[in-house]
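Structure first, commentary second.
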Number of protein chains: 4
Amino acid sequence: MGILGYKKLHNLNERGVNILPTSTFFNLPEEKKKRVIEAALDEFAAYPYHKASVTRIIKRAKIASGSFYQYFKDKKDLYKYILELGTERKFEYLGPVLEKQNEYDFFELLRQLYVRGIKYARENPRLEAIANKLISNKDSEIYVEIIGEQRPRTARFFRALLEDGIKKGEIDSEVDIDLVAHMLITLNLALSDFVYKDGKVDMDDMVLIDKMLYVIENGIKNKSK
Amino acid sequence: MGILGYKKLHNLNERGVNILPTSTFFNLPEEKKKRVIEAALDEFAAYPYHKASVTRIIKRAKIASGSFYQYFKDKKDLYKYILELGTERKFEYLGPVLEKQNEYDFFELLRQLYVRGIKYARENPRLEAIANKLISNKDSEIYVEIIGEQRPRTARFFRALLEDGIKKGEIDSEVDIDLVAHMLITLNLALSDFVYKDGKVDMDDMVLIDKMLYVIENGIKNKSK
Amino acid sequence: MGILGYKKLHNLNERGVNILPTSTFFNLPEEKKKRVIEAALDEFAAYPYHKASVTRIIKRAKIASGSFYQYFKDKKDLYKYILELGTERKFEYLGPVLEKQNEYDFFELLRQLYVRGIKYARENPRLEAIANKLISNKDSEIYVEIIGEQRPRTARFFRALLEDGIKKGEIDSEVDIDLVAHMLITLNLALSDFVYKDGKVDMDDMVLIDKMLYVIENGIKNKSK
Amino acid sequence: MGILGYKKLHNLNERGVNILPTSTFFNLPEEKKKRVIEAALDEFAAYPYHKASVTRIIKRAKIASGSFYQYFKDKKDLYKYILELGTERKFEYLGPVLEKQNEYDFFELLRQLYVRGIKYARENPRLEAIANKLISNKDSEIYVEIIGEQRPRTARFFRALLEDGIKKGEIDSEVDIDLVAHMLITLNLALSDFVYKDGKVDMDDMVLIDKMLYVIENGIKNKSK
DNA sequence: GATGAATGAGCGTTCATTCAT
DNA sequence: AATGAATGAACGCTCATTCAT
């Protein structure tokens with residue numbers, strides 16, 4: 001899930017564009033809608049896209065299979081919807097930071113983004129799991145279609161930030177901006193990964209982030225300043 | 001594919017251990033063996049494990065379905081074999097560097113590993129694609145079974161390298177070794193990714209690596225020295 | 001099929017218990033349901049469980065293979081259902097006798113049970129054949145799962161009957177109750193067997209049963225001597 | 001396995017008649033022959049005929065699959081051979097009793113046959129298991145072909161015995177000879193069954209047999225009444 | 001005579017999706 | 001709008017047997 005992958009949901013049907021779930025779905029009683037979403041979250045968090053089963057989701061959500069296809073065009077449609085839910089939710093975490101963008105220097109902003117990102121991952125483990133599953137399948141048909149455009153967008157955001165930082169003299173002007181943008185995104189992903197999988201489970205999130213920022217900072221900071 | 005995930009192939013049946021393809025497969029005429037391997041490379045490079053189809057492989061390799069199961073215990077068996085082929089091949093690229101481990105300082109060694117790693121990826125795109133597909137499915141049953149132990153092994157290797165570097169005064173002793181090991185592995189993966197997906201396709205590999213190392217180096221190098 | 005193996009069918013889904021065919025099956029038009037059951041009866045009467053083919057059943061019933069698995073969880077599920085049909089049917093034959101249990105002395109009750117049991121076998125040859133096939137596979141995984149507990153139940157029933165008979169002075173108190181219970185069950189099975197396989201096809205069932213009961217009552221020793 | 005199902009083995013190939021294993025098999029070194037037989041015993045004792053796997057037998061016996069079909073015409077051929085081995089072995093137990101046929105009265109003879117039969121079952125559990133598996137599949141194609149003719153033979157033997165007993169005044173002349181013959185065979189089968197499956201495991205075989213014979217001789221009616 | 005690779009029909013089962021009601 | 005039965009291709013895999021070497 002790109003840090004900035006925000007997109008409006010609840011979108012009305014626009015001309016020709018294939019818009020996410022049908023209005024039928026949105027008009028559903030909250031309780032039923034929730035059942036469907038919960039079932040989908042469980043399923044996609046448990047299985048990679050290709051192995052996830054519409055049948056199981058239908059069963060768990062206790063809806064008719066015909067209904068499913070009145071709510072969503074197909075399996076992929078639901079999947080995209082769930083991913084967008086994640087993006088939306090993530091924006092709720094990151095938004096406040098982004099709004100104060102100008103009050104922070106580059107590294108403090110980065111730190112805040114990482115802090116909030118980890119908080120999001122901790123509090124929305126299924127959404128995080130689903131997004132991570134997708135991200136690693138970089139060349140699968142599904143990735144290209146869904147995330148393909150999002151990563152560049154996130155990359156552009158970081159590039160802008162970096163350029164700004166260089167202008168302000170916070171960042172070493174020698175670095176390759178595109179490359180560093182890519183590294184920062186990757187390391188962000190690596191962060192939650194590290195938290196969950198490779199130990200340091202007990203280490204305080206803040207401490208971990210500071211340690212990583214220390215490494216990043218001393219690499220790209222302008223030392224002559 | 002872990003940098004150090006080298007394992008002997010063509011292994012004769014050892015005590016109880018379930019060894020990769022059957023001897024039947026190894027005794028096959030080269031041409032046929034190649035057909036099977038090529039078909040498998042194509043399939044696993046094109047589809048994630050769960051979506052990859054034995055049927056398609058069989059068709060492409062022009063063998064009887066029964067034969068397939070005389071060569072390999074099951075789909076997973078073939079998959080593991082292909083992964084090992086990749087590991088073996090990768091070691092052919094990295095081995096020479098590792099042998100001269102003591103002649104290089106930390107950063108030069110890292111540079112060499114990255115250089116050779118990218119060369120491998122460029123020259124074995126299908127193997128690289130297959131390994132990357134697997135690595136991203138971190139929590140799928142198949143990942144745990146196959147790679148589970150390999151990442152830690154690679155991590156240990158980097159940790160040892162880092163500790164050595166600290167001892168020799170090449171590396172900033174302030175850094176968290178586990179975290180940095182994790183970062184280096186991640187960035188290595190990110191590297192080939194960057195080469196292919198996010199632009200800079202035309203940039204010379206060496207230049208790219210040097211740029212990345214510049215960032216890394218100034219982050220963890222002992223500046224007091 | 002145990003003499004007393006009666007269980008309600010058409011059961012609605014109870015807590016967690018995996019209930020036989022799905023409601024989908026029960027809601028089917030009678031004609032279609034019948035086609036499926038008939039096909040299954042033919043198949044399981046012709047082949048032992050492991051050799052019986054779902055594919056053949058599907059073909060004969062003229063349903064889509066996918067449909068089959070909407071009616072039954074799997075092959076075993078259908079098999080169990082057919083067995084229960086048999087149990088249910090058998091109870092329809094034995095029930096009236098069991099209800100009058102107290103009006104008969106032991107030997108008359110036994111006689112009635114045998115009479116009705118043979119009538120059932122004659123009128124439901126496929127069900128009888130299916131049950132017999134299962135009973136002979138005593139140690140196959142499937143037997144244990146399905147019948148395992150039923151034989152003891154039948155044995156308990158006979159033991160209770162025997163104990164009662166001894167109390168009333170109808171039965172020789174010298175005999176080993178467990179052993180005799182076992183013998184009576186076995187001989188019951190042997191009876192229908194005898195009717196069909198080993199000749200006496202023409203002999204009146206009642207006469208045959210009386211002959212067997214004579215032996216059970218009096219043994220075969222020449223007492224006049 | 002019928003009590004008297006003895007048939008010569010090691011039979012040379014006669015005209016047209018499909019004779020059991022090929023001479024190739026008999027000329028095999030003892031050790032290899034034994035491997036094949038042991039593997040077959042294990043397999044057929046573990047699985048009913050239709051589920052037993054030639055492939056597994058071949059693997060366990062460590063012979064080439066081609067070889068198998070040089071020793072035996074097909075799976076059924078091996079199966080028949082194993083069954084005959086059992087018959088032969090059983091005759092080794094029963095033979096001595098049968099030779100002294102004239103020294104015993106009917107009940108003593110029966111007792112001896114049962115005693116030796118149980119001894120056989122105890123000492124050759126795999127053969128016993130295989131035969132029992134078959135016997136219960138009474139209407140399977142395989143049963144008809146193999147055992148079909150053997151049971152009548154055993155029945156004839158018992159009938160002769162019974163007729164003799166009646167002549168000598170040992171047996172009640174009222175009983176139906178065919179039926180009783182059938183009952184005695186069935187009860188013999190029930191006996192080992194009872195020993196193994198339905199409890200009384202600890203009861204001394206002799207005691208058990210005596211108890212059953214008591215019932216056969218005297219019936220279960222309370223005559224004192 | 002021994003070998004073991006080759007065969008392909010058949011297995012039970014899952015699947016996403018459609019469509020009549 | 002909701003239902004849930006129907007679909008049939010495709011799946012991974014097993015099997016007894018054949019046959020070239």
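Chain letters run A, B, ... following the sequence lines, proteins first, then strands; residues in each count from 1.
Along DNA chain E, the nucleotide nearest C:K75 and the nucleotide nearest B:I63 are compared for position; the residue whose nucleotide lies closer to the 5' end is B:I63. Nucleotides of DNA chain E nearest to A:G66 and D:Q70 differ in position, and the one nearer the 5' end is that of D:Q70.
Listed here is the closest heavy atom pair of D:F44 and D:K133: O-CD, 3.7 Å.
Applying the side chain to side chain contact (heavy atoms under 4.5 Å, CB included) test to C:S65 and every residue at least two apart in sequence or in another chain returns C:I58.
With hydrogens and angles disregarded, a donor-acceptor distance shorter than 3.5 Å links the side chain of B:R35 to the backbone of B:K62.
The distance between atom CD1 of C:I142 and atom P of E:dG12, rounded to the nearest whole Å, is 13 Å. Atoms OH (A:Y71) and C1' (E:dT17) sit 16 Å apart, rounded to a whole Å. Taking atom NZ of residue B:K51 and atom P of nucleotide E:dC15, one finds them 13 Å apart after rounding to whole Å. When the C1' atom of F:dC15 is taken as reference, atom CG of D:D74 falls 14 Å away, rounded to whole Å. As a whole-Å value, the separation of D:F44 CZ from F:dA16 C1' is 12 Å. To the nearest angstrom, P of E:dA6 lies 21 Å from CZ of D:F68. Atom CG in C:N27 sits about 15 Å away from atom C1' in F:dA6, given to the nearest Å. For the pair B:E43 CD and F:dA10 P, the computed distance is 14 Å after rounding to whole Å.
Remark: D:K75 qualifies as a cation-pi partner of D:Y49 under the 6.0 Å distance and 45° angle criteria applied to the six-membered ring.
None of D:I57, D:V36, D:T24 except one satisfies the side chain to side chain contact (heavy atoms under 4.5 Å, CB included) rule with D:F72; the exception is D:V36.
Taking 4.0 angstrom as the limit, D:S67 places a side-chain polar atom (N or O) nearer than this to OP1 or OP2 of E:dT3. Between E:dA5 and B:T24, a contact under 4.0 Å exists linking OP1 or OP2 to a side-chain N or O. For C:Y69 and E:dT14, the shortest distance from a side-chain N or O to OP1 or OP2 is not below 4.0 Å.
Remark: C:E84 does not engage C:K80 in a salt bridge, criterion side-chain N to carboxylate O under 4.0 Å. For C:R126 and C:E38, the salt-bridge test passes: some basic side-chain N is under 4.0 Å from an acidic carboxylate O. A salt bridge between A:K34 and A:E30 is absent, with no side-chain N of the basic residue lying under 4.0 Å from a carboxylate O of the acidic one.
The base of E:dA9 is paired with the side chain of B:S65 by a donor and an acceptor separated by under 3.5 Å.
In this structure, D:F68 and D:D77 have side chains that are not in contact, with every pair of non-hydrogen atoms separated by 4.5 Å or more.
Contacts between residues 53-62 of chain B and DNA chain F, counted as heavy-atom distances below 4.0 Å, involve B:S53, B:V54, B:T55.
Here E:dA2 is the nucleotide among F:dA5, F:dT3, E:dA2 with the atom lying nearest to any side-chain atom of D:K32.
Consecutive pairing runs in DNA chain F reach the stem threshold at E:2-21 with F:2-21, where a stem means at least three Watson-Crick or G-U wobble pairs with distances under 3.5 Å.
Atoms OH and NE2, on A:Y47 and B:H50 in that order, are 9.5 Å from each other to the nearest 0.5 Å.
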